[in-house]
Amino acid sequence: MATSYSSDALQRFSRKHIPLLYYIRKPIFLLISLALIIVYACFLPNPQETSAFFFYLNLSVLIAVLVCWCVIILADWEKPEYVKMLVAFFLLSMLALLFYRFSGADWARLIHFFFNFPIMKGSWHVLFRGLSTTVILSICSFFSCVFVGLLIAIVRSFKYHSVNLLITMYVDIFRSIPVIVLMVVLFFVFPFLGMYLNSYLTTFTALTLSYGAYTAETFRAGLETVSSGQVEAARSLGLSRWQTLRKITIPQAVPIVIPVLTGNMIAMMKDTAIASIVATPELLKSARELYTAKTSPTPLICAAIIFLAVLLPLVRLVNHMERRVNKSGPHY
Amino acid sequence: MLKDYTESNTFKKLRDTSGRVPLIRQPVFLIASCVALVLYGSMLFWASGEGLVIRIALSVFVALLVTWTGIIITDERRGERLKTSMVFLVLAVLVLLFLEFHVTNSEEIIELFFNITVIKKAWPYLVLGFKTTISLAFMAALVSTVIGLTLAIFRSFDNKVLNFFIIAYVDFFRAIPIIVLLMLIYYGLPFLNIRLSAFASGVLGLGLNSGAYVSEIFRAGFLSVSKGQLEASRALGMTPWQTMQKVALPQAFKAVIPPLVGNYVASAKDTALCSSISIIELLKAGTAQQSLNANPSPLIFVTVLYLILFVPLTRLCGYIEKRMKKTQRQITV
Amino acid sequence: MDPIIRVESLHKSFRDLHVLRGVSIEVNRSEVVSFIGRSGSGKSTLLRCINRLEEPTSGEIWIDGVNIHEPYIDINKVRAEIGMVFQSFNLFPHMTAIDNIMLAPVCVRKISRQEAKERGLSLLEKVGLAEKANEYPEKLSGGQRQRVAIARALAMQPRIMFFDEPTSALDPEMVGEVLDVMAQMASEGMTMLIVSHEMGFIREAADRVLFLDEGKILEEGTPDDIFNRPQFPVTRDFLGKVL
């Protein structure tokens, strides 16, 4: 009995055919194909001599083959880690090399135009004044939109249908209009109504209206994550709706809402750059003025760097917080 | 020790007061105050005074009106239809007050904001702009999907070197404002001798930016398939390919679709930013026609177009999200 | 003496699902009434309707002579007199055990924090958890959580207690500790409405058992009547399965 079982099992367990991937993953095959790819890369046609179509066709084929080759190694869990590291470096450097060689950029100009910091001498204070405008504007609008959002979310949680209808309309409309359209309408159309908003006020109003809608949704989602059992327990103890909200729902919603809220804050700070359209003298606007004055993109680069310096830490912070919320798991 | 279970005061009090309607909820009070409000309001219209006094009177009126509506809305005994019509009535009164007291030339409003002849004149340009907006949105979605999917796949290999660059890419584009990116591409790159058309710059800027978000969405989708699911399907003897096809992808799909659609809609909204690099899309067409005709109707019309385009899309996102959540909950239960 | 709870032809439907089809009951002071029946027979919904966690579709409810559907009855005051214990505990995860207990007395009854704390501690002692006062709910076992939930309800000094399947979410070895606390309350003369599947406990503690089937009260009587001499085949069938 036992013998017949094992021989039968041997037959049933053995492979019928060996998969192609088995051969492809052999080192010898990989080495040969790597050599072929490198040869192909060396003999790529010169963009000046052949037609553009032929050249780009060749280039994309090369990149596709290269990527496939790397994916084969990276996805193979039997390959040792250091080989994968080498392959990753190889892929990145090849891509960088191809970009350097064939993007048609005049790299000699890079330093001279893009990172020509000496010409910024004496103009840094313009950028920093712009930065302070950006920061002040975004902080003011952030607080006002948190206020609007919280108010809306709380009123909404009371479930007065008629009011909720209005709120839904507000939220839908202002989530659907791009901020830039809102700013342009406020700035260029409202004067026809006899209402003159200056550029700061325009930015503030537009950001508050638009992000107020987003923040309201954020708070609503946060309040909805608190389970209905919690609310019922509180209500059955005799707490009123308002007490339940204050003591039970909001304290539990806050840790969930804060990462999203910080994300909104980042998005809003990014959107203050749009205020340059309506002539608010914020960071981007100052940089553009300097760009015109100096005929060099260096101020734009500087503005980008300043934006990154302010926003990157916030982005990392949000990443960190999201990871923590995910790890802590749901409440019961 | 617990307590004596005899008569409690609360119930005695409740019994005494039961059936008594508080003053502010009584119909007589509500009607009387309504009449008073209407009288007050009509006095405001007749007394065309100027300056501070009328302002104060106006704000008092608005505050009273809102309180009165609040009393109606918070009354559980009134019907929903009554409340809804009341809210919209009050809203109409507020708009009327706004027009009467804040707008200097309220008579010309139709001609100024909804001028059919101007819109007719601007129509071909607006249609062109609309087409550009749509094609920008589609191209950006395409580019961002390619970038995002590639990055997410490479991220899933868990290679430290690649991860470093991918995270750097994602964080960079999440931190930099799109409009700054567009300016860098359109106004900066020509200095490097890389000349892209305005349209290509727009697509590139939007695509690079939204690609970062798309890659995060796909990554979350890949991670959403729990290890237990993969183990269960492997334990049934399915090959990795079958596992991918029958177990992993359908689940990842559910996790990916709602945020992905949301992202495409957001990126479509961001096409309006391309007006800053002289792409004649919907917004730019609107502003150009406004300054050409010295009349804001085209811009109003453009706003309405944006609403018509994006309100259904935003609703769609919410709907998809809700539906997917529902099905996911069914799976876990 | 008139009954403390009187329910008359109570109906409740969720959209097209008719859960309660005309339930009428009367509960006297210090009576322990137990509801049994298959899942979906409307036992929990009945309890939740009585303190208006669900709005009944039709029907009248009097608690201690007060019609709680009178237009301007403050339902919060009624609820404050009715303690409720849930199947899923529903302790507030962001508060310690003692804070959970103190919350409602301080917020609703407006007694001082000091007094609330004393009362809370003595209640925790009563349910045998004096040393867990400053633990967060996530650190407690299921049985301990449910006992804290009972203490939380008792802290309001309610006149009536509702138990909505208090032991269904517990591991078997923890059921006893919760039932002990409930039995003690019953012996102290509390009016209790219990939805439970613990037939042994019901037989011991309940004064009256009501069997619900498809949203109606099918059978009613002392535990002895219901368990030993059920009238209807449905009841017999159900008891045969759970006993």
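Throughout, protein chains are lettered first and strands after them, A, B, ... in sequence-line order, and every chain is numbered starting at 1. Keep in mind that the numbers below use all heavy atoms, side chains included, and drop hydrogens, waters and symmetry copies.
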Next item on the list: May I ask you to decide whether E115(C) forms a salt bridge with K110(C), counting only side-chain N to carboxylate O separations under 4.0 Å?
Entry: no
Notebook entry, point to check: Would you call E232(A) and R235(A) a salt bridge, taking side-chain N to carboxylate O under 4.0 Å as the test?
Noted result: no
Next item on the list: Check each atom of Q243(A) against the heavy atoms of chain C and say whether the ones under 4.5 Å are side chain, backbone, both or neither.
Entry: side chain
Next item on the list: Name the member of R109(C), M84(C), H94(C) that forms the most heavy-atom pairs with chain A at distances under 4.5 Å.
Entry: H94(C)
Margin query: So for F92(C), is it side chain, backbone, both, or neither that comes closer than 4.5 Å to the heavy atoms of chain A?
Written below: both
Notebook entry, point to check: Does the side chain of V27(C) come within less than 4.5 Å of P3(C)'s, by heavy atoms?
Noted result: no
Item checked: Best-contacting candidate, A234(A), G229(A), G238(A), against chain C by heavy atom pairs under 4.5 angstrom -> G238(A)
Item checked: Ion pair check, R6(C) and E8(C), cut-off under 4.0 Å -> yes
Checklist line | For chain A, the option from A104(C), A149(C), A153(C) that forms the most heavy-atom pairs under 4.5 Å | finding: A104(C)
Checklist line | I82(C), part contacting chain A, at a heavy-atom distance under 4.5 Å | finding: backbone
Note to self: Between Q252(A) and P93(C), is there a side-chain heavy-atom distance shorter than 4.5 Å?
What the structure shows: yes
Margin query: Out of P105(C), C107(C), A155(C), G83(C), return the one with the most heavy atom pairs under 4.5 angstrom to chain A.
Written below: C107(C)
Notebook entry, point to check: So, T203(A) and T280(A): side-chain donor and acceptor under 3.5 Å apart, yes or no?
Noted result: yes
Item checked: Residues in residues 46-60 of chain C that sit under 4.5 Å from chain A, counting heavy atoms only -> R48(C), N51(C), L53(C)
Item checked: Check ion pair D64(C)-R29(C) (N to O, under 4.0 angstrom) -> yes
Item checked: Test item: side-chain donor near acceptor, T96(C) and N134(C), under 3.5 Å -> no
Checklist line | Ring center gap for F204(A) and Y200(A) short of 6.0 angstrom | finding: no
